[in-house]
There are 2 protein chains.
Amino acid sequence: MSGTAERLLDLAEAHIRDRGYAGFSFRELAAEVGIKSASVHHHFPTKAAMAKAVAERYAKRFLASVEAKPDESPDDAIDAYRGAVRRTIQQDGRMCLCGILGAEAGALPPEVTAEVGSFFRRCIEDLAGRVRGPDAYARAHHVIATLEGGLILARACGDIGAFDRAASALYPSTDGRVS
Amino acid sequence: MSGTAERLLDLAEAHIRDRGYAGFSFRELAAEVGIKSASVHHHFPTKAAMAKAVAERYAKRFLASVEAKPDESPDDAIDAYRGAVRRTIQQDGRMCLCGILGAEAGALPPEVTAEVGSFFRRCIEDLAGRVRGPDAYARAHHVIATLEGGLILARACGDIGAFDRAASALYPSTDGRVS
DNA sequence: GTCTATAATTTGATAGAC
DNA sequence: GTCTATCAAATTATAGAC
């Protein structure tokens, strides 16, 4: 993967996370890295292929960032996910890449839809194994859903505090109060 | 509001909920109701104005559908929201209109963003008043976020059961088990 | 309210030179 | 790997007739 290709992925990811799949174009990306749009097709043959590459890279990076620590508690695992998602919106006020693409599922090429589905299944599988207990799967779904929805609220309200309030109720033991 | 204008709103709403703001065009809507795109501008001057009208109508309808019942419990209120959101995805597998638009906030004209923010603030204000208690606002944020994120999961996984699993943990008293 | 016609722009993609 | 040149299609929007 060349340096130019990586920069293109960076820019495409930023645009998708802010404006969705229709929110980036080869021409715009090309201008931002200082080449012509035809040259972008040398790195990624089609828009769908590029979006798929963005999603693959995002999934790999995100899953690495929530990796389990030895002897963690279920609340530690939940907090790893909460922290990872919060960092994304704190850095640039944008959505989770797969969150916005999941919402736009009806507008996506099949290979992108598949990558997004794979991302969420892997997150849930991983998290369910770390929270354990009889309701592990429901709990994993609940955590991921709350975090994705919290991003929507924060963006719609223009207030990152909305994400924090939504996520605070993820720890029933403290009932929303941080010790 | 003429019959044609209502049908245009219906179609625009369906397309936005499936594919986002960029997922509907005046030409496509016109073809679906059997007129020309120029005629759509007679009913709605711009695309932004039309999307705003869609959001206004959606907010009014949704808030009416979750109206408080006399002597309801906090869990009744949460269930009213859960049921209203679940019905939307059950009917056609699509997102909440304001959920997908909130995710796409970076791509929206300002008047649409404003309407989406207003929708979520009204939902949270209403729900917080009905769950009561010291953490009412955090709890209201949490419920709305979980439901919106649950829609994303259901669409990404192609399984409405993902929404139900995410929402099941919304009732701590039963810990995910339905009595 | 609807039409024809059209402007001005943007888009994804390709062919072929260097 | 990047370029020029170009295509075919789609988009939002407007002017003005009926």
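By convention in this document, chain letters (A, B, ...) are assigned in the order of the sequence lines, proteins followed by strands, and residues within each chain are numbered from 1. Values reported hereafter were calculated over all heavy atoms of this structure, with side chains retained and with hydrogens, waters and symmetry mates removed.
Summarising the geometry, the separation between CG on Leu29(A) and C1' on dG12(C) is reported as 12 Å, rounded to the nearest angstrom. Atom CE of Met50(A) is separated from atom P of dT11(C) by 14 Å (rounded to the nearest Å). Counting to the nearest Å, the C1' atom of dC3(D) and the NE2 atom of His43(A) are 12 Å from each other. For Leu8(A) and dG1(D), the CG to P distance is 11 Å, given to the nearest whole Å.
Listed by chain and residue number, Glu13(A) satisfy the side-chain hydrogen bond (donor to acceptor under 3.5 Å, both in side chains) test with Arg61(A) (two or more places apart in sequence, or in another chain). Legend: residues meeting salt bridge (charged side-chain N to carboxylate O under 4.0 Å, His left out) with Asp92(A), ordered by chain and number and at least two apart, are Arg17(A). Checked against side chain to side chain contact (heavy atoms under 4.5 Å, CB included), Asp76(B) has the following partners two or more places apart in sequence or in another chain: Glu72(B), Ser73(B).
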Could you list the donor-acceptor pairs under 3.5 angstrom formed by side chains in residues 141-151 of chain A, with sequence neighbours left out?
residue, atom, partner, partner atom, Å
His141(A), ND1, Tyr137(A), O, 2.8
His141(A), NE2, Arg165(B), NE, 3.3
His142(A), ND1, Ala166(B), O, 2.9
His142(A), NE2, His142(B), NE2, 3.0
Thr146(A), OG1, His142(A), O, 2.8
Thr146(A), OG1, Thr146(B), OG1, 2.7

message: ring-ring contact (aromatic ring centres under 6.0 Å, His included), that's the test. Do Phe119(B) and Phe62(B) meet it? Break it down for me.
response: CA-CA 9 Å; Phe119(B) 169 78; Phe62(B) 182 89; 5.4 Å; yes
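One finds the CZ atom of Arg139(A) at 12.0 Å from the CZ atom of Arg132(A) (value rounded to the nearest 0.5 Å). For the atom pair Leu29(A) CG and Phe44(A) CZ, the distance stands at 9.5 Å (nearest 0.5 Å).
For DNA chain C, none of the residues of residues 103-114 of chain A falls under the heavy-atom distance limit of 4.0 Å.
For the pair Lys47(B) and Tyr21(B), the cation-pi test (distance below 6.0 Å, angle within 45°) is passed.
In this structure, Ser39(B) reaches the dC3(C) phosphate: one of its side-chain N or O atoms is under 4.0 Å from OP1 or OP2. The phosphate of dT2(D) has neither OP1 nor OP2 within less than 4.0 Å of any side-chain N or O from His42(A).
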field: Contact letters for nucleotides 12-18 of chain D, in which S counts primed atoms plus P, OP1 and OP2 and B counts the base, heavy atoms under 4.0 Å
entry: BBB----
